[in-house]
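Both backbone and side-chain heavy atoms feed into the values below; hydrogens, waters and symmetry mates do not. Lettering of chains follows the sequences in order, A, B, ..., and the numbering in each one begins at 1.
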Amino acid sequence: MPKPTSITQLADAARDLAGLSFADLAQQLQQPVPADFSRHKGWGGMLIELALGASAGSKPEPDFPDLGVELKTLPISATGQPLETTFVCVAPMTDACQQTWQTSALRKKLAHVLWVPVLADKGLSPAQRQIGSPFLWRPSAAQEQALQQDWQELTDLLALGKIQQVNAHLGEYLQLRPKAANGKIRTQAIGENGQQVWAQPKGFYLRTCFTSWILREQFAPN
DNA sequence: TAATGATCATAT
DNA sequence: ATATGATCATTA
């Protein structure tokens with residue numbers, strides 16, 4: 001489909017995907033379906049992007065630049081629990097000290113998200129994965145505060161040259177994990193005395209407890 | 001068995 | 001090299 005020109009048009013198009021299997025959608029779009037994800041980890045996300053007319057490529061922009069909306073698929077179990085963490089963006093390794101929450105890439109990325117839940121229980125092949133009910137989301141005040149707190153803690157460590165102390169155990173809702181082609185990749189980072197050092201690239205990921213919070217608010221508000 | 005650390009494909 | 005799209009696979 002062509003680029004959606006309004007939020008409403010995007011939401012309508014997304015809603016029409018609900019209930020389709022990846023096999024269904026791939027057939028409609030004349031796309032080949034991989035037998036497994038081992039060498040096609042981003043295939044599902046790309047398929048949804050294609051279906052909704054998201055901008056192609058790897059530009060550091062929202063998927064729908066004109067609408068300011070980011071697209072994220074979310075693998076869930078039959079009971080609606082997220083099955084994986086959600087990658088958001090790479091971490092600022094060399095200019096963490098110049099970052100603020102208000103100007104951060106993470107806040108910008110999560111300001112407006114079209115979540116597309118996908119039933120992805122183990123045993124389901126890519127073809128068998130089934131698209132759930134997509135929904136538009138903006139972080140609530142409580143959610144933004146939770147993200148900000150973790151982001152500040154993690155970004156402070158990077159800014160203060162404590163990258164060697166950084167691991168995925170830190171952060172309640174947000175964590176930093178490796179984000180690279182392999183474990184040998186190194187990028188410039190800030191060392192203990194403010195000097196340049198080489199370190200493994202990291203990315204910000206949403207823990208499943210955070211995406212579970214989003215799903216709860218969306219589907220079981222109290 | 002959930003979570004962490006590692007990895008795969010493609011585009012720029 | 002670094003951004004995009006994520007899931008894999010080993011650990012705890």
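Residue-level contact check: A:G45 touches the backbone only, with heavy atoms under 4.0 Å from sugar-phosphate atoms and none from bases.
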Heteroatom pairs (N/O) under 3.5 angstrom, protein to nucleotides 8-12 of chain C:
residue	atom	partner	partner atom	Å
C:dC8	O4'	A:K41	NZ	3.2
C:dC8	N4	A:E84	OE1	3.3

What N/O pairs connect the protein and nucleotides 1-3 of chain C at under 3.5 Å? Give each pair on its own line.
residue	atom	partner	partner atom	Å
C:dT2	OP1	A:T187	OG1	3.1
C:dT2	OP2	A:T187	OG1	3.1

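Here A:L124 sits in one hydrophobic cluster together with A:L119; the rule is ILVMFWY side chains under 4.5 Å apart, joined directly or through other members. Clustering of Ile, Leu, Val, Met, Phe, Trp and Tyr by side-chain heavy atoms under 4.5 Å joins A:V90 with A:F87, A:Y205.
In this structure, A:Q175 reaches the B:dT4 phosphate: one of its side-chain N or O atoms is under 4.0 Å from OP1 or OP2.
In secondary-structure terms, DNA chain C builds stems of at least 3 consecutive Watson-Crick or G-U pairs, each pair having both distances under 3.5 Å, at B:1-12 with C:1-12.
Among residues two or more places apart in sequence or in another chain, the salt bridge (charged side-chain N to carboxylate O under 4.0 Å, His left out) test is passed with A:E61 by none. For A:D66, there are no side chain to side chain donor-acceptor pair (under 3.5 Å) partners at least two apart in sequence or on another chain. Residues passing the salt bridge (charged side-chain N to carboxylate O under 4.0 Å, His left out) test with A:R15 are A:D12, sequence neighbours excluded. Residues forming a ring-ring contact (aromatic ring centres under 6.0 Å, His included) with A:F37 (at least two apart in sequence, or on another chain): none.
A donor-acceptor contact under 3.5 Å is formed by the side chain of A:K179 with the base of C:dG5.
Contacts with DNA chain B (heavy atom under 4.0 Å) in residues 150-169 of chain A: A:N167, A:A168, A:H169, listed by number. Shown for residues 111-123 of chain A: no residue has heavy atoms falling under 4.0 angstrom of DNA chain B.
Residue pairs that meet the side-chain hydrogen bond (donor to acceptor under 3.5 Å, both in side chains) test with at least one member in residues 187-201 of chain A, sequence neighbours left out, do not exist here.
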